[in-house]
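What follows is one structure encoded as C-alpha cells, with my remarks underneath.
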Amino acid sequence: MSTTSPPAGAGETRAPAEGAVPMEHRQIVSALGGLLLGMFVAMISSTIVTNALPKIISDLDAGQNAYTWVVTAALLAMTASTPLWGKLADLVSKKMLVQIALVIFVVASLGAGLSQNVGTLIFFRVLQGIGTGGLTALVQIVMAAMISPRERGRYSGYIGATIAVATVAGPLMGGAIVDTSWLGWRWCFYIGVPFAAIAFAVVQRTLRLPVVRRDVKVDWAGAFFMSAAVSLLLIWVTFAGNKFDWASWQTAVMTGGALLLGLVFVLVESRAAEPIIPLRLFRNKTITLASVASLFVGVGMFAGSIFLSQYFQMARGETPTMAGLMTIPLIGGLAISSTFSGQIITRTGRWKIWLVSGGALVTAGLGLLGTIRVDTPYWRTAVFMALVGLGVGMMMQNLVLATQNQVDQRDLGSASSTVSFFRSLGGAAGVAALGAMLGTRVTHYMADGLKGLGITGTGSADGSIPDLDALPAPVRAVVESAYGHGVADTFLYAAPLALVALLLVLFIKEVPLRGGTGQAAAVRKDEPAPAQEPQPQP
C-alpha cells in the first residue's frame, strides 16, 4: 500500500534540514513517562497471568492444553509482530504507531477480561501480544529518535528498570488479585486499561518527533512468512517432549516446515522494495553478532524469572506472593546494572566492557543456579540470582544501543526491532524447550523418590502440577526435592547458551557512541526535510 504526503498546512509544518531542535532533558523525561507507562502495562500483561492461570482455566472448564496456549499465544504474537512494528516505524509516524499499539492493547485486555470460554480468551491474548510487541519495540525506537547515541545510555537504563519492575510486579499483582474475592481473575486483564489510557494521553501531549514523509510500502508477504516460520517453530518447542517425542515424525515435519518457511522469507526479503528485516543490515558484523547474542540473552532473561518462581513455590512451598518477593535479587540486579551501566556509557561512550562483563555474569549465575537444591540456603540462591540479573541488565539494552549506533536513521526502527525480535524469540523458544525438559526431569526424579518409598509410579500422569498441601508428608518431600533438582537442571542447560552469548560479544568491534542530537541526526541529506509533528499547546 502507499500513502502520499499531506498538503502543506495540514496541521504540520516543514522544518529546514538543520532546524530540528533537540528535545531538552525535561521534555525527554516527560515523553518517556508516557512511553514507559505503556511499556510497563504491556509487560505486566505477560506476567500477571502466571499465578492466576490455574483459576482461569478452572473457571473456563478447560484443560492442560489450554493452559499452555494462553501463555504461548501471547508470546507467539509478540515475537512475530515485533519486526513488523519496527518496519512501520521507519515508514510512518512513530507517535501514531505507539498510540495504535496502546489502543490494540486496551481492546484486547477488555476482550480477555470479558471472555466466557478459553477460545475467546486465546484470541484476545493474541491481540494482546500484538500490542505488547508494538510497545516493547517502539519505545526503544522512539527513544533513539529523540536522543543521540552518546546520551542514549543515560535513558536506556530506564527501560531495563521498567522491564525489571514489571517482571516482578506482575506475578505479585496476579496472585493478590486472584486471592481477593471481590476482584477475581478478570481484573488481571482490566487493571492495565486505565494506565494504558493515561499513557495514550501523555504521549499525545508530550511526544514530538520529526516525520519524514515518503511512500509507504509494507512487505506483507515477508511479514506472513516470517510469522508463519516463527509460529511453527514455537509450536514445535511447546509440544515436543510433551505431546510427542523430540525425535519423531512430528518434529521432522515441524522443523522442516519452519526451515522451508524461513527460506521463503529470506527469498521474499531479498526482492522486497521495503523488507520487514532488510537483509543488508546483516552485512554489518556488529548487528549480526548483537542479534544472535540477544537470542541467547532472552533465554536467561525469561527462564530466570519463570523457573525461579516455580522453584520457590514447588520446591520450597512458598505462596505465589512470597515467591515473587524472593526473586527480587534477580530483578533488582537487572534494574541496578541497566541503570548504572547506562549512566557510565553516557559519560565515556564505551559499551563493550559492559557486554562482556554481563555475558560472564549471566553464564556464571546460571551455572551456579544449576547447583541449587530443595535445602539450599536462600542467601546463596539470592546471590546467584543477583549475578544473573546484573548480567542481563548489562547486556539487554546495550545490545540494542550498539546496534543503533551502527545504522542510518532510515533503518533505525528495523535494526532496533530486529534485536528485540531475536531476544523475544530466544525467550519464547527457551522457556518452551526448558519447560518441556523440566517436566521430563521432574517426572524422573519423582519416580526415583517414590520408588524409595516403595510406591510404584511416575508422578502426575497428565503432567499437571500437584497440590502440595494435599500430599502426605513423605510424598510431598519427594515432590519438593524433584522440583528443586529439576529446576536446577534447567539452569545447567541454559548456562552454555549464555556462554555462547559471551563468545559472540567478544567478537563485536567497539565503535564509540556518536554525539549529536537524535532529531538532528534524523535528517539525511538525501531525504526530504522532515515535517514536525504537532507540538502540544500549553
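Just so you know, residue 1 is the first one in the sequence shown, and it goes up from there. All values reported here derive from a predicted model rather than from experimental measurement.
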| field | Flag, side chain of Asn398 to backbone of Met394, donor-acceptor distance under 3.5 Å | value | yes
| remark: Residues Gly393 and Ser341: closest non-hydrogen pair is O-OG, 4.3 Å
| message | So Leu390 and Leu334, do their side chains get closer than 4.5 Å, heavy atoms only? | response | no
| query | How far does CD of Gln128 sit from CD1 of Ile122, to the nearest 0.5 angstrom? | reply | 13.0 Å
| message | What I'd like to find out is whether the side chain of Arg423 reaches to under 4.5 Å of the side chain of Phe296, using heavy atoms alone. | response | no
| Going from CD1 on Ile345 to CD1 on Ile353, what distance comes out if it is rounded to the nearest 0.5 angstrom? | 10.5 Å
| task | Start with the C-alpha gap between Met385 and Leu369, add the side-chain angles, then the distance that decides, and say whether side chain to side chain contact (heavy atoms under 4.5 Å, CB included) holds. | result | CA-CA 7 Å; Met385 287 190 289; Leu369 282 173; 4.3 Å; yes
| field | Backbone N/O of Ser115 and side chain of Arg186: donor-acceptor pair under 3.5 Å | value | yes
| field | Shortest non-hydrogen separation from Ser81 to Gly133 and the atoms involved | value | OG-CA, 4.0 Å
| said: I'd like to know if the side chain of Trp236 reaches the main chain of Gln250, judged simply by a donor and an acceptor atom lying under 3.5 Å from each other, with no hydrogens or angles considered. | reply: no
| Is any side-chain heavy atom of Val98 closer than 4.5 Å to a side-chain heavy atom of Leu35? | yes
| task | For the residue pair Asp489 and Tyr445, establish whether any side-chain heavy-atom pair is separated by less than 4.5 Å. | result | yes
| query | Rounded to the nearest 0.5 Å, how far apart are CG of Leu506 and NZ of Lys352? | reply | 6.5 Å
| Is there a side chain to side chain contact (heavy atoms under 4.5 Å, CB included) between Val388 and Leu361 once you walk through the steps? | CA-CA 6 Å; Val388 175; Leu361 287 174; over 6 Å; no
| With a 4.5 Å limit on heavy-atom distance, are the side chains of Phe384 and Thr371 in contact? | yes
| request: Using the side chain to side chain contact (heavy atoms under 4.5 Å, CB included) rule, pick out the option among Ile287, Thr288, Leu295, Leu289 that qualifies with Ser291. | output: Ile287
| field | Thr251 side chain near Asp245 side chain, heavy-atom distance below 4.5 Å | value | no
| said: If you compare all heavy atoms of Ala290 against all heavy atoms of Thr403, which two are closest, and at what distance to 0.1 Å? | reply: CB-OG1, 3.5 Å
| Do Glu480 and Arg316 meet the salt-bridge criterion of a basic N to acidic O distance under 4.0 Å? | no
| remark: Nearest heavy-atom approach of Phe105 to Ala196 is CD2-CB, 4.1 Å
| query | With a 4.5 Å limit on heavy-atom distance, are the side chains of Glu510 and Leu355 in contact? | reply | no
| query | Passes side chain to side chain contact (heavy atoms under 4.5 Å, CB included), Leu121 versus Phe189? Steps please. | reply | CA-CA 11 Å; Leu121 176 60; Phe189 301 106; 3.8 Å; yes
| message | Is there a side-chain contact between Leu434 and Val299 in this structure, where contact means two heavy atoms from C-beta onward sitting under 4.5 Å apart? | response | yes
| query | Do Arg373 and His485 meet the criterion of a side-chain donor-acceptor pair at a distance under 3.5 Å? | reply | yes
| Would one find more than 12 heavy atoms of other residues, nucleotides or ligands at under 6.0 Å from atom OH of Tyr493? | yes
| note | Of all heavy-atom pairs linking Ala199 and Gly34, the shortest is CB-O, 3.4 Å
| Distance in Å, Lys451 NZ paired with Met446 CE, rounded so as to fall on 0.5 Å steps | 15.5 Å
| said: I'd like to know if the side chain of Ser357 reaches the main chain of Trp354, judged simply by a donor and an acceptor atom lying under 3.5 Å from each other, with no hydrogens or angles considered. | reply: no
| query | Which distance, rounded to the nearest 0.5 Å, do you find between the CH2 of Trp185 and the CD1 of Ile56? | reply | 5.5 Å
| request: Kindly give the heavy-atom pair with the smallest separation between Phe491 and Gly370, and that separation in Å. | output: CB-N, 3.9 Å
| query | Rounded to the nearest 0.5 Å, how far apart are CG of Leu37 and CG of Leu102? | reply | 8.5 Å
| message | Donor-acceptor pair, distance only, cut-off 3.5 Å: does the side chain of Tyr311 make one with the backbone of Tyr483? | response | no
| Quick check: does any side chain N or O of Thr339 sit under 3.5 Å from a backbone N or O of Ile336, one acting as donor and the other as acceptor? | no
| field | Stepwise side chain to side chain contact (heavy atoms under 4.5 Å, CB included) check, Thr348 with Ile344 | value | CA-CA 6 Å; Thr348 65; Ile344 301 300; 4.3 Å; yes
| message | Surrounding CZ of Phe282 (heavy atoms of other residues, nucleotides or ligands, distance under 6.0 Å), is the total greater than 12? | response | yes
